[in-house]
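Read through the structure below, which is laid out as structure tokens, and then see the notes.
Below, read A as the first sequence line, B as the second, and so on, with proteins coming before strands; counting in each chain starts at 1. Note that the structure is predicted; figures quoted are calculated from it, not measured.
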There are 2 protein chains.
Amino acid sequence: MAVSKHVRLSDVAAHAGVSIKTVSNVVNGFQHVRPSMRQHVQQAIDELGYRPDASGRTLRTGRTGLVGLAVPDLGNPYFADLAQRLVAEARKYDMRLLIEQTGGDRDEEVAILSGRGARMVDGLIFSPLSVHDEDLRNRKDQIPLVLLGEHEGGDIADRVDIDSVGVAFDAVTHLIEGGRRRIAMLGWVGTNTTHVSRNRRDGYLRALEAAGIARDPELIRVVHPWGRLTGKTAAEQLIASGVEFDAIFCGNDAIALGALTALREKNFNVPGDVAVIGIDNIEESEFCVPSLSTMAIDRQAMAERSFKLLHRRLESPDGETATLATPYALIRRGSSNTAEG
Amino acid sequence: MAVSKHVRLSDVAAHAGVSIKTVSNVVNGFQHVRPSMRQHVQQAIDELGYRPDASGRTLRTGRTGLVGLAVPDLGNPYFADLAQRLVAEARKYDMRLLIEQTGGDRDEEVAILSGRGARMVDGLIFSPLSVHDEDLRNRKDQIPLVLLGEHEGGDIADRVDIDSVGVAFDAVTHLIEGGRRRIAMLGWVGTNTTHVSRNRRDGYLRALEAAGIARDPELIRVVHPWGRLTGKTAAEQLIASGVEFDAIFCGNDAIALGALTALREKNFNVPGDVAVIGIDNIEESEFCVPSLSTMAIDRQAMAERSFKLLHRRLESPDGETATLATPYALIRRGSSNTAEG
DNA sequence: TTGTACGCGTTATCAG
DNA sequence: CTGATAACGCGTACAA
């Protein structure tokens with residue numbers, strides 16, 4: 001230890017020959033300080049290299065300037081991109097982001113909801129995967145919460161909503177409009193698990209129904225967890241099962257990229273024999289061969305709206321909760337371009 | 001406001017009919033507390049829903065339990081993967097990660113080095129891009145610093161080192177051993193900028209020299225910033241320039257993926273006509289067509305060693321600085337497999 | 001416009 | 001083994 005003690009507000013005050021209050025006024029950019037005094041104090045601050053202490057300030061004001069971001073996995077390009085935009089957005093509000101990874105595990109998600117240990121963040125932006133509505137309602141922590149993703153229950157918290165049913169509906173409808181009738185879905189995970197899987201399956205089924213196409217349970221394949229390798233395996237099993245199919249709708253782009261690999265290895269022509277579409281529009285989808293048609297979900301809008309909601313909630317903690325919808329759009333690329341087939 | 005005041009240590013103490021110190025002892029798992037007393041206090045804690053306050057604790061102990069991570073860009077899969085591992089590693093030390101994005105901008109990097117605003121982290125893990133040695137030496141902030149990446153100056157701080165010269169040397173030597181002689185490099189950014197570019201160029205040149213191959217300035221192409229699109233453009237310009245080449249060594253995988261796209265569009269056969277190798281081993285490199293040969297840099301080891309160094313420094317702030325080397329290895333894949341050509 | 005004094009919630013010292 | 005009390009650094013009534 002020993003070497004360098006911290007420079008305190010009182011040290012600056014002593015050095016400048018003024019009171020603590022005056023230094024504090026200068027540091028916090030208070031209005032009514034004489035310019036000459038301001039300059040004098042600023043010089044003392046610079047000379048001593050004073051920098052305000054976060055904990056003292058937090059203890060006094062109750063604000064940390066930190067926002068928690070809880071996502072399943074930063075290694076997932078979708079969440080990495082989202083995190084990047086949220087970090088950038090946070091700076092506009094003079095805040096910083098504390099990252100938590102849940103692994104999509106329910107216990108982990110619940111632990112984070114209850115604030116894991118310490119009141120350290122002013123708010124939490126949370127992209128849940130396995131957590132239940134009751135967990136959300138039962139949470140002990142009272143800090144502002146913004147939920148990202150599937151809209152499930154009622155007005156538990158502010159939300160930035162992704163209409164997965166609509167997204168899936170549009171994706172599958174695009175395949176149908178391309179003349180496909182035997183459309184497989186890769187990405188079912190079972191009834192008891194994530195909303196996102198269920199919603200995307202619902203959208204898939206509704207699109208089939210709207211087009212008067214009968215559903216075939218053989219075409220709905222489990223993928224768990226959602227990833228490139230699991231997607232590839234599921235596609236291989238689909239092929240091996242001998243079921244007839246002319247298109248694959250995938251729960252996300254990672255699954256779709258895995259499916260593309262499987263199809264290529266089995267010498268299927270995409271999109272000639274089989275059309276493929278994913279969801280997320282991760283960067284790679286634009287560059288793979290063939291390029292992957294997908295549903296773009298506006299992550300920049302998600303980031304901006306998350307902080308808009310959070311900021312509003314910090315200003316007035318007791319207002320009504322709000323839900324903001326996230327724009328999405330079909331991206332037509334090679335994997336579903338029947339003109340090329 | 002109004003609704004829920006925080007539950008303090010003293011509230012628990014009053015509720016349990018004991019002193020603050022005793023409650024604190026229980027909370028912090030102190031040794032010498034009677035089991036019956038411990039249970040009694042724990043019950044009071046649960047009933048009141050008490051949870052310790054981070055700022056008060058920090059103010060007293062001087063520890064925040066937060067570690068800053070400063071990287072150029074989380075959207076880059078390399079840094080996203082690194083961040084993911086660091087977040088996971090942090091939890092083993094009961095710490096959390098605060099993410100900062102520098103954009104590789106020097107001013108931004110310097111600002112983060114001086115602690116931007118508040119003493120809020122116990123240490124900083126920093127992957128610099130543009131910052132100079134003098135900036136590192138001049139930094140005001142005294143918190144423990146772990147530098148990630150190119151080893152440049154002396155013992156400014158603890159380091160987790162990447163031997164970029166050696167990495168590039170191995171990559172280019174692999175191409176040479178495959179019979180290539182006209183090897184282009186995509187990823188030069190000019191003399192005044194990042195160390196990583198300079199070091200990888202040095203490795204490239206040394207490998208050529210070791211094999212007795214003359215260097216050709218025409219083959220060294222600028223790419224800035226390092227990305228997929230810029231890589232593709234640089235490859236297109238290389239092709240358009242009419243220079244003869246039979247291999248491309250790329251500064252990183254993103255550039256290489258862009259180059260692969262350009263080569264495919266111009267109907268080059270990879271690896272038949274042109275072999276390609278990158279650096280980083282991002283996930284996509286394994287799945288693209290043809291799969292991309294690359295140099296794997298052990299990011300898991302980097303994450304573990306970063307925290308090892310940080311922890312050591314927190315324990316003994318005045319010890320000698322250490323530099324730990326990061327393992328790396330050649331990953332042979334389709335893009336350089338001459339047997340397939 | 002500037003100075004004084006207090007409290008935010010925690011941990012550490014030291015006496016009992 | 002437990003209790004009283006003093007810091008930690010800051011912001012802010014309130015007084016001047």
Side-chain angles (χ1 to χ4, degrees), chain A residues 1 4-42 44-45 48-65 115 117-122 142-143, chain B residues 1 4-42 44-45 48-66 94 115 117-122 142-143:
Chain A
M1 293 279 130
S4 72
K5 297 235 49 106
H6 286 172
V7 179
R8 298 186 301 270
L9 220 40
S10 62
D11 296 326
V12 178
H15 189 76
V18 298
S19 86
I20 293 179
K21 166 68 172 167
T22 303
V23 182
S24 174
N25 283 345
V26 172
V27 170
N28 294 23
F30 234 68
Q31 300 289 336
H32 308 288
V33 181
R34 276 203 313 262
S36 65
M37 175 61 91
R38 183 180 298 280
Q39 194 178 358
H40 176 64
V41 171
Q42 187 60 52
I45 290 175
L48 270 53
Y50 166 78
R51 300 192 313 94
D53 177 281
S55 9
R57 182 175 281 177
T58 294
L59 192 52
R60 184 61 213 182
T61 63
R63 290 273 179 107
T64 62
R119 286 189 300 271
M120 186 132 58
V121 294
D122 294 339
Q142 288 305 320
I143 61 166
Chain B
M1 293 278 129
S4 73
K5 297 237 50 109
H6 286 170
V7 178
R8 298 187 301 273
L9 220 39
S10 62
D11 296 327
V12 179
H15 189 78
V18 299
S19 86
I20 294 180
K21 169 65 175 168
T22 303
V23 182
S24 175
N25 283 344
V26 172
V27 170
N28 295 25
F30 234 68
Q31 300 288 335
H32 308 289
V33 182
R34 273 202 316 261
S36 65
M37 175 61 90
R38 183 179 298 280
Q39 193 177 359
H40 176 62
V41 171
Q42 186 60 51
I45 290 176
L48 270 53
Y50 166 79
R51 301 194 308 94
D53 178 281
S55 1
R57 182 174 282 178
T58 295
L59 188 54
R60 182 60 218 188
T61 62
R63 291 273 179 107
T64 62
L66 263 32
D94 267 307
R119 289 190 297 271
M120 186 132 58
V121 294
D122 294 339
Q142 290 304 320
I143 61 166

What's the separation between atom [atom1] in [X] and atom [atom2] in [Y], rounded to the nearest 0.5 Å?
| X | Y | atom1 | atom2 | result |
| --- | --- | --- | --- | --- |
| B/L9 | B/K21 | CG | NZ | 10.0 Å |
| B/L48 | B/R8 | CG | CZ | 11.0 Å |
| B/D122 | B/T61 | CG | OG1 | 8.0 Å |
| B/R119 | A/S55 | CZ | OG | 7.5 Å |
| A/N25 | A/R34 | CG | CZ | 12.5 Å |

B/T22 side-chain N/O to D/dT2 phosphate OP1/OP2 under 4.0 Å: no
All heavy atoms of A/A16 vs all of A/A44, minimum pair found to be CB-CB, 3.8 Å
Closest non-hydrogen contact found for B/R57 with B/V27 is NH2-CG1, 3.8 Å
When every nucleotide of nucleotides 9-16 of chain C is labelled 5' to 3' by its protein contacts under 4.0 Å (heavy atoms), B for base, S for sugar-phosphate only, - for none, what sequence of letters results? BBBBB---
Rounded to whole Å, CG of B/N25 lies from P of D/dA4 at a distance of 14 Å
Looking at A/T58 and A/A54, would you say the former's side chain and the latter's main chain have a donor-acceptor pair under 3.5 Å? yes
Among residues 33-42 of chain B, which residues get a heavy atom nearer than 4.0 Å to DNA chain D? B/V33, B/R34, B/M37
